[in-house]
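Heads up: the structure comes next, in structure tokens.
Heads up: numbering here begins at 1 and tracks the sequence. Computed from heavy atoms alone, side chains included, the values below leave out hydrogens, waters and symmetry copies. These numbers come from a predicted model, not from an experiment. One-based numbering, in listed order, for ligands and for the atoms of each.
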Amino acid sequence: MLEAFWYIVCRSKQLGRQPLRRRLFDRRLVLFRDRDGRAACLEDRCLHRNMPLSAGQVVEGTLQCPYHGWRYDGAGRVCAIPAMPACAHSAHAIQAKHYPVKEQDGYIWVSLAEQPAQPEPPRFPHLNERGWASFRMSRVADGGVEAWLENFLDCPHTSYVHKGLFRNPSTRVMRVRVRELTDGAEAEFLEADEERRTSLIWKLLVPKKVPVQHIDRFIAPAMSRVEYHADNHDYFISSLCTPISASRTAINTVITFRHGLLTPFVRIVLPPLAQLILQQDVAVLRRQHENIEHFGGERFRVIPQDLLLPHIRRWRRALAEGRTPTPRTEQNRAERERDIVI
Ligand code: FES
Ligand SMILES: [Fe+2]
């Protein structure tokens with residue numbers, strides 16, 4: 001049932017006059033814009049001889065197969081068969097598999113279920129709101145969705161993989177509270193002055209010693225959100241992980257922020273640094289993925305400081321089986337605190 005949720009298949013601006021080939025849960029899809037400019041998504045396979053429709057072209061808002069020129073509308077209905085001129089009416093009876101599509105927040109979203117599990121795709125906080133700036137990053141990378149969600153929501157790796165840039169190793173013990181939510185789980189760091197001020201990003205963005213609130217949040221089934229708040233700034237780093245296949249993920253990250261008078265400066269300096277951080281994660285996950293391929297997968301040792309991984313797994317397993325995970329015992333449901341060094 002994870003297929004029933006909305007996933008980003010491309011940026012809105014990527015879908016122009018040409019059809020676009022995409023893969024989602026290993027299924028081959030083709031996207032195009034119909035006569036009204038609405039995005040449409042079909043199985044990438046002509047009903048006639050199995051030709052990939054993505055190799056064709058868009059003609060008058062219909063998708064034309066490159067082999068014998070059959071044309072499909074946005075709902076997958078065959079609307080022209082050139083070799084059979086009298087078929088104009090009957091052609092509509094043949095329909096290729098098509099999928100629900102939404103265009104929202106500058107992305108094209110597809111669900112593989114006739115009845116998507118959510119009425120709308122998830123939103124990115126404060127995107128396009130007055131007073132807020134934003135930028136986006138898109139990557140396709142090795143590693144499955146869970147590996148990526150875990151990475152985005154895992155703090156201890158940041159002192160090693162992103163050493164000097166984002167955090168530096170520390171021995172400072174911090175208190176963190178993990179909460180189960182109705183749509184996922186979150187980890188809130190309770191000390192507002194984590195010892196990180198020596199890294200480049202913190203020096204640039206938080207030069208003064210102000211308390212910074214930090215929350216990591218998993219929004220089922222495929223979104224991570226990291227939040228930092230201080231007196232004059234707020235940052236939301238949201239990443240939607242789209243499963244291309246079990247071992248390949250398309251990552252779409254939106255960073256929305258406001259930083260007072262520094263906002264224009266941050267808008268210039270932060271994107272290349274964020275790209276560098278993402279590149280470092282891509283390299284790490286590629287190695288992790290290669291090793292998992294070699295040794296075989298599921299032998300992960302999980303410690304209490306892997307704060308959100310158990311929640312990510314529990315939610316995704318439940319949703320895959322078509323149910324919502326039941327909150328664990330009352331005691332466990334309550335806010336749970338533990339110590340961590342990041
Ligand atoms: S294979 Fe598509 S029209 Fe023949
Ligand atoms: Fe990272």
May I ask you to say whether [X] pairs ionically with [Y], meaning some side-chain N is under 4.0 Å from a carboxylate O?
X	Y	answer
Glu146	Arg316	yes
Arg217	Glu227	no
Arg33	Glu103	yes

Could you tell me which atoms of ligand 1, counted from 1 in the order shown, lie closer than 4.0 angstrom to a heavy atom of Tyr67?
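Reading through ligand 1 atom by atom, the close ones are 1 (S), 4 (Fe).
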Please could you name the atoms of ligand 1 that Met51 approaches to less than 4.0 Å, counting only its heavy atoms?
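Every atom of ligand 1 under 4.0 Å from some heavy atom of Met51: 1 (S).
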Any cation-pi pair here, Arg136 with Tyr107, using under 6.0 Å and within 45°?
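Because its charged atom sits under 6.0 Å from the ring centre and within 45° of the axis, Arg136 does stack over Tyr107.
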When you check the side-chain N and O atoms of Ser54 and Asp44, is any donor under 3.5 Å from an acceptor?
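Ser54 vs Asp44: donor-acceptor pair found between side chains.
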What's the OD2-the Fe ion (ligand 2)-NE2 angle here (Asp281, His162), rounded to 10 degrees?
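About 100°, to the nearest ten degrees.
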Can you tell me, to 10 degrees, how wide the angle at atom 4 (Fe) of ligand 1 is between ND1 on His48 and ND1 on His68?
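Reported to 10°, the angle equals 90°.
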Any N/O/S atom of Cys65 sitting less than 2.8 Å from atom 2 (Fe) of ligand 1, backbone or side chain?
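Yes.
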